[in-house]
Amino acid sequence: MVVRTSSSPSTVLAELRATPPLVQCITNAVVTNFTANALLALGTSPAMCDIPGEAGLFAGIARGVLVNLGTPTAEQRDAAREAVAAGTPWVLDPVAVGALPVRTALAHDLLEARPAIVRGNASEILALAGAGAGGRGVDSTDSPEAALDAARALAIRTGGTVAVSGPVDLIVDAVREARVPGGSVLLTRVTGGGCALGAAMAALLAVTAGFAAATTASAIWAVASERAEAASSGPGSFAVAFLDALAAIEPVDLHGRVAS
C-alpha cells in the first residue's frame, strides 16, 4: 500500500527513513551495483529482480519499481512487462530512446501501463514524446527547458509526472511544474548517477505521489552531489563520497531546494 504524505521534500525523506521500503529495480547491467548501493545508502532495501516468471510476483510485494531501459535484453523486456502489470507504482527511465529501435518500441509499449514517473534527460523525453530523435547515445543534446512542452504532453498522456534531468532539473505533471537547481557536474562523470536517481524516485513512491517523489529525489541528488564534490578530488573519490553523502543527508538539508 502506498502511504501519501505531505509534499514537502523534508517530510517525504523523513517518512522514507521511518518506513524503509523494498524497491525492485529492473535496470541496466552497467549500473546495477551503484544503484543498489545508492538505495542502501538512502535507507531503502533494493532488489534487482529481473527474471521473467519472478519479476511480476516480486513487483507485487515491492513498494516501488524501477524499469530502466539501458540494456534491454529479451529477458529484461519480458520481466519489465510483468512487473508493470502488477499495479505497484513505478518509474520508467527510457535510456537512449529515439535512435535505437528496440528500446524505443518497448518504451512506447510500457507507457500504456501508465508509469507514475517518467525520468530522463531532455533528449530522451523529447524523443519519447515524438518531438525529437534522441540524443547522442545516453547523452542529452537538449536542455530541460526545451523539453517542457514534451514533458507536459507525456504527463497528460500517462496521468503521472515527468522529470527531466539537467543542470536544473525540471519536474512537471498535468498542471504543476517545479525546478531543482544545483548539483555537481561530476554526476555525469560516473556511471549510474542518473539511473540511481530513477531508483530513488521509485523508492519515494512508497511514501508519496509522483510529483513529490520526483522533486524530493532531485533535491536529494543536488544536495548530496554538491557535498560529495566538495569532499572529493575527482570522479573516483566522488562516487564514494556521494554514497556517504546520501547516507548522511537529513530532512532539514532539503529546505529551499525546490523552486516553482
Asks: Look at the side chain of Thr71 and the backbone N and O of Ala29, then say whether any donor-acceptor pair between them is shorter than 3.5 Å.
Replies: yes
Asks: Testing the basics here: between Ala122 and Ser143, what is the closest heavy-atom pair and its distance to 0.1 Å?
Replies: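 Heavy atoms only, the tightest pair is CB-O, 3.2 Å.
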Asks: Does Ser165 reach the main-chain N or O of Asn121 with its side chain, forming a donor-acceptor pair under 3.5 Å?
Replies: no
Asks: Can you pull out every ring pair (Phe, Tyr, Trp, His ring centres under 6.0 Å) where at least one residue sits in residues 178-215? Sequence neighbours excluded, please.
Replies: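 Checked against ring pair (Phe, Tyr, Trp, His ring centres under 6.0 Å) - neighbours excluded - no pair reaches residues 178-215.
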Asks: What about Phe58 and Trp90, same hydrophobic cluster or not, with Ile/Leu/Val/Met/Phe/Trp/Tyr joined at side-chain heavy-atom distances under 4.5 Å?
Replies: no
Asks: Verify the cluster assignment for Leu148 and Val118: are they in a single hydrophobic cluster under the rule of side-chain heavy atoms below 4.5 Å apart?
Replies: yes
Asks: Output the distance between atom OG (Ser225) and atom CG (Leu186), rounded to the nearest 0.5 Å.
Replies: 8.5 Å
Asks: Of all the heavy-atom pairs spanning Arg176 and Arg152, show the shortest one and how long it is.
Replies: O-NH1, 2.9 Å
Asks: Answer yes or no: is there a side-chain heavy-atom contact under 4.5 Å between Pro21 and Leu16?
Replies: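 Yes, at least one pair of side-chain atoms sits under 4.5 Å.
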Asks: Would you indicate whether the side-chain heavy atoms of Thr208 and Thr216 approach each other to under 4.5 Å?
Replies: no
Asks: Quick one: does Glu75's side chain get under 4.5 Å of Asp50's, heavy atoms only?
Replies: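 Heavy-atom side-chain distance check fails, nothing below 4.5 Å.
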Asks: Can you name the nearest heavy-atom pair linking Pro20 to Gly43, along with the distance?
Replies: CB-O, 3.2 Å
Asks: Hey, are Arg81 and Asp78 close enough for a salt bridge, meaning a charged N less than 4.0 Å from a carboxylate O?
Replies: yes
Asks: Checking the side chain of Gln24 only, and the main-chain atoms of Cys49 only, is there a donor and an acceptor separated by less than 3.5 Å?
Replies: yes
Asks: Please confirm whether the backbone N or O of Asn28 pairs with a side-chain atom of Thr32, one donor and one acceptor, at under 3.5 Å?
Replies: yes
Asks: Would you please test Leu128 and His108 for side-chain contact (heavy atoms from CB on, under 4.5 Å) and show each step?
Replies: CA-CA 7 Å; Leu128 191 58; His108 284 289; 4.1 Å; yes
Asks: So, taking the atom named CG in Asp93 and the one named OG1 in Thr35, what distance separates them when rounded to the nearest 0.5 Å?
Replies: 9.5 Å
Asks: Could you tell me whether the side chain of Arg114 and the main chain of Thr158 form a donor-acceptor pair under 3.5 Å?
Replies: yes
Asks: State the CD1-CD distance between Ile171 and Glu177, to the nearest 0.5 angstrom.
Replies: 10.5 Å
Asks: Give a yes or no on whether Phe34 and Val23 share a hydrophobic cluster (residues Ile, Leu, Val, Met, Phe, Trp, Tyr; joining criterion: side-chain heavy atoms under 4.5 Å apart).
Replies: no
Asks: Considering all heavy atoms of both residues, which atom of Ala150 and which atom of Leu126 are nearest to each other, and what is their separation?
Replies: CB-CD2, 3.8 Å
Asks: To the nearest 0.5 Å, what is the distance between CD1 (Ile249) and CG (Leu13)?
Replies: 6.5 Å
Asks: I'd like to know if the side chain of Glu82 reaches the main chain of Gly53, judged simply by a donor and an acceptor atom lying under 3.5 Å from each other, with no hydrogens or angles considered.
Replies: yes
Asks: Below 3.5 Å, can you tabulate the donor-acceptor pairs from side chains in residues 228-248 to any protein atom, sequence neighbours excluded?
Replies:
residue, atom, partner, partner atom, Å
Glu229, OE1, Ser184, OG, 2.9
Ser232, OG, Ala228, O, 3.0
Ser232, OG, Glu229, O, 3.3
Ser233, OG, Ser237, OG, 3.4
Ser237, OG, Ser233, N, 2.9
Ser237, OG, Gly234, N, 3.4
Ser237, OG, Gly234, O, 3.3

Asks: Measure across Arg103 and Pro72 and return the closest heavy-atom pair with its distance rounded to 0.1 Å.
Replies: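 Scanning both residues completely, I find the closest heavy atoms to be NH2-CD, 3.6 Å.
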Asks: Ala153: which residues meet the side chain to side chain contact (heavy atoms under 4.5 Å, CB included) condition with it, sequence neighbours left out?
Replies: none
Asks: Can you tell me how far the CD1 atom of Ile26 sits from the CD1 atom of Ile51, to the nearest 0.5 Å?
Replies: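 Between Ile26 CD1 and Ile51 CD1, I get 10.5 Å after rounding to 0.5 Å.
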Asks: Spell out, as yes or no, whether a donor-acceptor pair under 3.5 Å connects the side chain of Ser45 to the backbone of Leu22.
Replies: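 Checked: no pair found.
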Asks: Can you find a heavy atom in the side chain of Leu111 that is under 4.5 Å from one in the side chain of Leu154?
Replies: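 A side-chain contact exists here, since the closest heavy-atom pair is under 4.5 Å.
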Asks: Can you give me the closest heavy-atom contact between Val31 and Thr27, atom names plus distance?
Replies: CG2-OG1, 3.6 Å
Asks: So does Val65 get a backbone contact from the side chain of Thr88, meaning a donor-acceptor N/O pair under 3.5 Å?
Replies: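 No; judged by distance alone, with no hydrogens or angles, the pair does not exist.
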Asks: What about Met201 and Leu39, same hydrophobic cluster or not, with Ile/Leu/Val/Met/Phe/Trp/Tyr joined at side-chain heavy-atom distances under 4.5 Å?
Replies: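 In one cluster with Met201: Leu39, no.
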Asks: How about Arg17 and Leu42: do any of their side-chain heavy atoms sit closer than 4.5 Å?
Replies: yes
Asks: Is Val30 linked to Val95 within one hydrophobic cluster, defined over Ile, Leu, Val, Met, Phe, Trp and Tyr using a side-chain heavy-atom separation of less than 4.5 Å?
Replies: no
Asks: To the closest 0.5 Å, what do you measure between CG (Leu205) and CD1 (Ile117)?
Replies: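 Separation between the atoms: 4.0 Å.
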Asks: I'd like to check Leu69 versus Val67 (side-chain heavy atoms, cut-off strictly below 4.5 Å). Are they in contact?
Replies: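 Leu69 vs Val67: side chains touch.
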